[in-house]
Each structure stands twice: as C-alpha cells, then as structure tokens.
Amino acid sequence: MKTTYIKVDPASPDEAALREAAECIKKGGLVAFPTETVYGLGADSFNESAVKKIYIAKGRPSDNPLISHIAHIDDALKLAEYVPEDAKKLMEAYWGGPLTIILKRRGDVPMIVSAGLDTVSIRMPSHSVANMLIRLSGTPIAAPSANLSGSPSPTTFEHCKADMDGRVDMIIDGGECSIGVESTVVDMTGEVPVILRPGAVTLDDIISVCGKGMFGGEYADAPKCPGMKYVHYSPDAEVFAVGDMESFKMPRDENAAIIAYDKYVNAAKGCRFYSAGCSDSEYAARLFYLLRKADEDGIKTVYAQLPENKGMGTAIRNRLLKSAGGRVI
Ligand code: AMP
Ligand code: MG
C-alpha cells in the first residue's frame with residue numbers, strides 16, 4: 001500500500017488538507033493522526049471492514065478492543081446505550097482531553113470495535129488536528145496507538161511513519177504529542193469509577209469530580225482491560241527500571257543508556273545519558289520517544305528511572321514496568 005503524507009500546523013489546521021483525510025476515513029481507509037497523547041491509527045468505527053484493517057496494520061490481537069474518538073460530547077450516545085451522571089460529569093470536566101470512558105455499548109456498534117465485549121470505550125481528544133479530522137469525517141473514529149503491536153507508542157510523526165509506512169493510506173504530520181503517554185482509561189459501567197489504565201487524568205482528578213474511584217484492571221483479580229496482558233512498549237533494547245537512582249551504579253558501557261531526571265546527568269559516566277527533563281510531565285512526554293531513540297542509536301540496554309508513584313508518575317511507572325517486563329533493579 002502506498003502511504004500519502006500531509007503536514008498540518010496544529011496552531012491553525014488547514015481544513016482543506018484535513019478534508020482529504022476525512023474523505024479517506026469515510027471511504028473505509030486508514031489514517032494515522034496526532035493527538036495530545038500519542039499518534040492514533042484511525043478508521044470509521046461503524047465500518048467493520050475498515051476497523052478490521054486496523055488490527056491487521058498493527059498486528060494487534062483481535063481480543064484487544066479499540067477506543068472510539070469523537071468531537072462532541074453528545075456523540076457519546078452514538079456509541080453508548082446511555083451516559084450515567086458521573087460519566088457525564090467526567091466528560092464535562094476532562095473532555096477534550098486524555099480521558100477514555102468505558103460505557104455500555106449500543107447494539108449497532110460493530111462488535112469488532114469492542115473485540116466482542118458489551119462495553120465501548122470513548123474519548124474526545126483536545127488536539128486541534130484530531131478534532132477537526134473527526135468532525136469532518138462525520139463519524140466516531142476507532143483508533144489505537146499507531147505503532148506495531150508490542151512497540152512503544154509513537155509520539156512524533158517520524159516514529160509513526162517508521163511503523164506505519166506502507167501499512168496505512170495516509171499519515172498526518174502534526175508534530176510532537178504534548179502528553180506522550182496514552183489516555184487514562186476509566187470504567188464507568190459500575191457503581192464506582194475504576195481506572196483500568198493510568199494516564200494524565202489521575203485517580204485524584206476522578207475522585208474530585210465523582211467523589212469516589214479506584215484502580216482496577218491488572219491490579220484486580222479479573223482484568224477488564226484486555227490489552228493489559230500483552231507485551232507492551234518494548235524496544236529492541238533490553239529495558240530495566242531503576243528503583244533508586246541514588247544507589248544505582250552507573251554501567252561503564254557505551255552500548256548502555258540511562259533515562260533519568262536532569263539532576264543525574266553528571267553521574268552518568270561511560271554510558272549514554274537521555275534526559276527525562278525535570279518533571280513527571282516532561283518525563284511522560286519523552287519516555288516512548290527515548291525508548292525508540294535507544295534503538296536508533298544502537299543502544300543494547302536501557303536503564304530508566306522509576307518516578308514516584310503519584311500523579312503522572314503512576315502512568316510512567318505503568319508503561320515503564322511493562323516495557324521492562326517487570327524487571328526492577
Ligand atoms: P490503545 O488503543 O493501544 O491505546 O489501547 C486501548 C486500551 O484500552 C487497551 O488496553 C484496551 O484493552 C482498553 N480498552 C478499550 N476498550 C475497552 C473496553 N471496552 N473495556 C476494557 N478495556 C478497553
Ligand atoms: Mg497501544
């Protein structure tokens with residue numbers, strides 16, 4: 001498949017250019033596009049054969065459901081049977097933004113979108129390019145992260161292209177993704193909001209709106225987020241999470257790299273230093289980018305600092321521990 005590219009300035013998206021991409025979605029094509037979290041690989045949620053192509057392009061297991069993206073809060077009712085009061089409050093507080101809400105699926109939403117589940121996951125991005133694309137397409141867009149299954153999610157056009165060139169009809173270059181890790185996934189089908197995947201919207205954020213909330217998914221007995229069981233976010237390099245940077249002995253190995261906060265830059269001697277910046281949000285924005293850069297630089301082993309388990313740090317830890325296969329040193 002020949003992939004075409006269009007470059008769009010997120011500060012003032014060119015509607016004519018995005019109309020072309022929207023036409024592609026309407027015709028059942030695959031379009032990769034930027035969002036504030038990571039690049040997404042999109043197809044019309046209501047076109048079953050188009051959605052099937054997403055799974056093939058990514059090599060994604062067919063029991064891992066997709067998130068549908070909308071441009072207006074009201075469009076949640078195109079996908080969900082109903083919107084409970086607390087879910088509505090979350091939508092008003094955090095949409096457009098990095099929050100995916102799981103609700104009861106409407107019967108006319110193709111089963112393949114939800115990988116056979118009776119629920120559906122919905123997000124309204126804040127990214128100007130994503131929003132305009134969805135609006136012009138006139139349909140919810142099912143879109144997982146635009147990487148080959150198992151690899152770190154792409155946060156730049158170049159990384160999206162590296163995985164998706166020749167596999168999709170079109171890629172929209174909208175620059176870097178500002179958040180850098182995927183959306184928070186919250187299950188709103190029960191009495192209490194349950195976070196199945198941590199992200200930039202935190203448990204405290206959800207409790208502040210709903211008065212209640214908890215972590216679930218892989219932390220619970222029966223995982224409800226099917227994707228959680230698969231290999232994730234793995235570069236070719238071997239990844240280790242570093243629990244305590246203060247006592248960590250830096251390797252003298254030119255094929256090794258450290259990902260850590262700037263204050264450790266002088267401690268890294270004899271190996272490569274990749275800056276995680278000075279804050280959890282800077283680290284989140286760079287994590288997937290740096291894991292991919294390690295492969296580009298020929299690095300064989302990556303040692304990445306585990307941030308504290310709070311706020312955005314929880315999301316970084318979740319992704320990092322998966323890419324390290326749980327190995328903490
Ligand atoms: P990705 O599309 O790569 O950002 O991954 C989406 C995540 O949301 C995966 O971990 C899915 O398993 C999860 N997900 C999507 N839809 C549902 C759903 N209906 N119920 C539970 N988890 C879901
Ligand atoms: Mg993904």
Side-chain angles (χ1 to χ4, degrees), residues 30 32-43 45 51 54-55 57-70 76 79-81 87 97-107 109-125 127 130 140-155 159-160 163-164 177 179-190 193-201 215-220 222-235 284 287-288 291-292 315 318-323:
L30 294 186
F33 60 97
T35 80
E36 69 277 20
T37 57
V38 302
Y39 271 72
L41 168 55
S45 290
V51 174
I54 293 180
Y55 285 91
K58 271 186 70 95
R60 184 174 176 107
S62 59
D63 63 348
N64 193 2
L66 308 176
I67 296 169
S68 288
H69 296 71
I70 57 175
L79 298 151
E81 247 172 34
L99 179 67
T100 295
I101 297 179
I102 295 179
L103 297 172
K104 283 274 170 227
R105 180 171 57 85
R106 268 177 65 136
V109 177
M111 199 74 125
I112 187 172
V113 172
S114 295
L117 299 174
D118 61 357
T119 52
V120 65
S121 55
I122 314 170
R123 175 164 109 82
M124 182 167 121
H127 198 286
I141 295 183
S145 48
N147 51 280
L148 294 174
S149 207
S151 295
S153 303
T155 56
H159 285 168
C160 181
D163 277 19
M164 288 301 143
C177 303
I179 295 175
V181 294
E182 306 87 342
S183 59
T184 305
V185 176
V186 63
D187 182 354
M188 295 302 291
T189 61
V194 180
I195 293 185
L196 301 180
R197 178 174 74 183
V201 174
F215 281 110
E218 66 206 89
Y219 314 97
K224 278 188 93 179
C225 209
M228 297 279 188
K229 66 177 184 279
Y230 294 109
V231 176
H232 252 109
Y233 319 122
S234 305
L287 175 64
F288 289 145
L291 290 176
R292 283 175 173 267
N318 169 266
R319 308 309 193 273
L320 184 51
L321 287 170
K322 280 172 192 271
S323 69

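Both counts, for ligands and for their atoms, begin at 1 and track the order of listing.
Less than 4.0 angstrom separates some heavy atom of Ile102 from each of these atoms of ligand 1: 17 (C), 18 (C), 20 (N), 21 (C), 22 (N), 23 (C). Those atoms of ligand 1 that come under 4.0 Å of a heavy atom in Pro144, given as number and element, are 2 (O). Heavy-atom proximity to Thr119, at under 4.0 Å, picks out these atoms of ligand 1: 18 (C), 19 (N), 20 (N). Near Asn64, meaning under 4.0 Å from one of its heavy atoms, ligand 1 places the atoms 9 (C), 11 (C), 12 (O). Within the listing of ligand 1, atoms 18 (C), 19 (N), 20 (N) sit less than 4.0 angstrom from a heavy atom of Leu117.
Checking side-chain atoms of Ser121 against main-chain N and O of Leu66 turns up a donor-acceptor pair under 3.5 Å. For Ser151 (side chain) and Ser149 (main-chain N/O), no donor-acceptor pair under 3.5 Å exists by modelled atom type. Side-chain N or O atoms of Ser45 include one that pairs as donor or acceptor with a backbone N or O of Ala142 at under 3.5 Å. Under the 3.5 Å distance criterion, the side-chain polar atoms of Asp163 are matched with a main-chain donor or acceptor of Leu148. In this structure, Arg60 contributes its side chain and Ile54 its backbone to no donor-acceptor pair below 3.5 Å.
Under a 4.0 Å heavy-atom criterion, Arg60 is in contact with ligand 1. Residue contacts with ligand 1: Ser114 is excluded, as none of its non-hydrogen atoms falls under 4.0 Å.
The side chain of Ile67, and not its backbone, has at least one atom closer than 4.0 Å to an atom of ligand 1 (non-hydrogen atoms only; side chain from C-beta on).
Within the set Lys104, Arg197, Glu182, the minimum heavy-atom distance to atom 5 (O) of ligand 1 is found for Arg197. Comparing Ser121, Gly216, Ser149, Ser153 by heavy-atom distance to atom 15 (C) of ligand 1, the nearest is Ser121.
With respect to Glu182 and Arg123, no salt bridge is recorded, no charged nitrogen being found less than 4.0 Å from a carboxylate O.
Once rounded to the nearest 0.5 Å, the distance linking CG of Leu287 with CZ of Arg319 reads 9.0 Å. Atom CG in Leu117 sits 9.5 Å away from atom NZ in Lys104 (nearest 0.5 Å). Atom-to-atom distance recorded for Ile122:CD1 and Ser183:OG is 12.0 Å, nearest 0.5 angstrom. A distance of 12.0 Å separates CD1 of Ile179 from OG1 of Thr155, quoted to the nearest 0.5 Å. In this structure, CG on Asn64 lies 6.5 Å from OH on Tyr55, to the nearest 0.5 angstrom.
Around the Mg ion (ligand 2), the protein contributes the following N, O or S atoms under 2.8 Å, ordered by chain and number: Ser145 OG.
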